[in-house]
Engineer: 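Let me begin by handing over the structure; questions about it come next.
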Amino acid sequence: MNTTNEIQKQEEYITKVKQINENKKCKYIILTMGCQLNENDSEKLCGIVEKMGYEKTEKQEEADLALFNTCCVRENAEEKLFGKIGELKNIKQSKELIIAIGGCMMQEKHMVDKIKQSYPFVDIIFGTHTLHKFPQDLYEALKTQKKISDIIDIDGEIYEGIPIKRNDNIKASVAIMNGCNNFCSYCIVPYVRGRERSREPRAIIEEIRELASKGYKEICLLGQNVNSYLRVEREKNIAFEEYEGINSFATLLEAINKIEGIERIRFISPHPKDFTDDVIEAIAKCDKVCKLIHLPLQSGNTKVLKEMNRKYTKEQYLSLVEKMKEKIPNLTLSTDIIVGFPGETEEEFEDTLDVVRKVKYEQVYMFIYSRRVGTKGDKMPNQVPEEVKHKRFEKLKQLVESQIAENNQKYIGTYQKVLVEGKSKNNSNMLTGRTDSNKVVIFEGKEELIGTMQDLKIISEHMWYLKGM
Ligand code: 5AD
Ligand code: SF4
């Protein structure tokens, strides 16, 4: 399909919706669940609807359009969504309101069936592969008053040129790829985001250059498996245009590192199995690439890792960490861990604690295993009882918190480069920023410092933030 023509067609629908809403001062509300990729998709949805003349509101009773961008990685998002749709039903009875639900959850057939059955007043349902078509879907819903269901199951096209309204003016997320080919057995993502596809190097570089020209200082590269950027294309001989020498994740980092104005580069999430030497070298030599690497562990036990289809052992993970620490000065690490995967014994869980003790992560994102319909994990017979999962979670949490408290001590008395992000939410006399290792630092300073890099002395630690001066 010619994606440029499609985007032009959608521009025409944007104009048509704008005409329908003319002089109406329409407002929209958006609720985003899940990961940063979803946040980035929501920025595109905001870009689209603002171009149609809608103005953002935080009050649902004011909204003419309510947008939900859903996530299905874990179970808890579902309850939240149903609660919110229920609240909107009453509002919809008293005024004209379009309710549109999109995102990962809408790629699951059982969820779409449930919405159609239990919440028939929902106007538009769209999926991850049809976000770019939202102008057309909204136009048809407004024009025909019919219920629109626009979900397709494909290998994911990449559309360039979708309008975007960013949440921040210092830090920006840039998706570099979409989809995942790994099929970790707990994970629903490959089923709802389709196969791995990388964006063209030129499109990424042009987007980041534009961000730099607008004053953005920090870029976070996003993808389900960022460090396999362009790998599928290379392996399967799918054509892409090499630009500025970019033909891999390592060369992409090097090219972005040269963009003037950008001061920090982060990326999430890489997969340990794709952490090749060229990527490690690129991180070490690119001064703008932050030395905090997110390296999802998931489990520290080799048998569980095999059942999870992670393609590395405990020992391989630990030796990768060793190699990275050796090659990248001042490296810090963060990770994702799942407790209570089917069949995980107490002893196997101890291996996870062992890795946490050894690696001494800067930050650990902890998750209780959640059964996802359609995944291999869901069909495994030996599911761990809820109370056991919760006990393990608490044990891991205690260990992580004690390590973070200990780790915080090492900052005291040091000087840290802090990118100043804005006023502190809790105290408007204070500014807030982050270190290279993504630690929040609060300090007293003038507003003019927002958006600049400051060398701050760390004077105290408070678990989730540091104080500087
Ligand atoms: N249950 C619990 N956690 C999960 N994650 C992904 N799928 C599940 C699941 N079914 C976690 C993984 C992943 C992070 C984004 O979410 O740790 O890295
Ligand atoms: Fe899910 Fe594994 Fe792909 Fe990450 S790498 S999105 S955990 S399947």
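In what follows, every heavy atom counts, from backbone to side chain, and hydrogens, waters and symmetry copies are set aside. Counting starts at 1 for both ligands and their atoms, in listed order. Positions are given from 1, in the same order as the sequence printed here.
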Engineer: Heavy-atom contacts under 4.0 Å between S370 and ligand 1: side chain, backbone, both, or neither?
Structural biologist: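 The part of S370 near ligand 1 is both the backbone and the side chain.
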Engineer: Taking 4.0 angstrom as the limit and counting only heavy atoms of Q298, give me the atoms of ligand 1 inside it, by number and element.
Structural biologist: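 Listed by number with element, the hits are 12 (C), 13 (C), 17 (O), 18 (O).
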Engineer: Assess whether a salt bridge exists between D351 and K303, defined as any Lys/Arg side-chain N lying under 4.0 Å from an Asp/Glu carboxylate O.
Structural biologist: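 A salt bridge is absent here (no side-chain N lies under 4.0 Å from a carboxylate O).
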Engineer: Rounded at 0.5 Å granularity, tell me how far CD1 in I99 sits from CZ in F121.
Structural biologist: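 Going from the CD1 atom of I99 to the CZ atom of F121 covers 5.0 Å.
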Engineer: Any sub-3.5 Å donor-acceptor pair from Q403's side-chain atoms to V356's backbone N or O?
Structural biologist: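 Yes, the answer is positive, given that a donor and an acceptor are paired below the 3.5 Å cut-off.
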Engineer: Quick test of your reading of the model: are E254 and K258 salt-bridged, counting only N-O distances below 4.0 Å?
Structural biologist: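 K258 and E254: not salt-bridged.
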Engineer: Are a donor atom and an acceptor atom from the side chains of D336 and H294 found within less than 3.5 Å of each other?
Structural biologist: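 The criterion, which ignores hydrogens and geometry beyond distance, is satisfied for H294 and D336.
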Engineer: Side chain or backbone of R74 under 4.0 Å from ligand 1, or both, or neither, by non-hydrogen atoms?
Structural biologist: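 For R74, only side-chain atoms sit under 4.0 Å from ligand 1.
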Engineer: Under 4.0 Å from a heavy atom of Y369: give me the atoms of ligand 1 that qualify, with their elements.
Structural biologist: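 Going through ligand 1 atom by atom, the ones under 4.0 Å from Y369 are 1 (N), 2 (C).
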Engineer: Below 4.0 Å, non-hydrogen atoms only: which portion of Y186 touches ligand 1? Side chain, backbone, both or neither.
Structural biologist: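 Answer for Y186: both.
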Engineer: Can I368 be said to touch ligand 1, with heavy atoms closer than 4.0 Å?
Structural biologist: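 Contact check I368 vs ligand 1: positive.
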Engineer: Answer with side chain, backbone, both or neither: which part of V73 has a heavy atom less than 4.0 angstrom from an atom of ligand 1?
Structural biologist: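 Under 4.0 Å from ligand 1, V73 contributes backbone and side-chain atoms.
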Engineer: Do any nitrogen or oxygen atoms of R372 come within less than 3.5 Å of a nitrogen or oxygen of ligand 1?
Structural biologist: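 By distance alone, the answer is no.
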Engineer: Thinking salt bridges, do R434 and E218 make one under a 4.0 Å N-O criterion?
Structural biologist: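 Answer for the salt bridge query: no.
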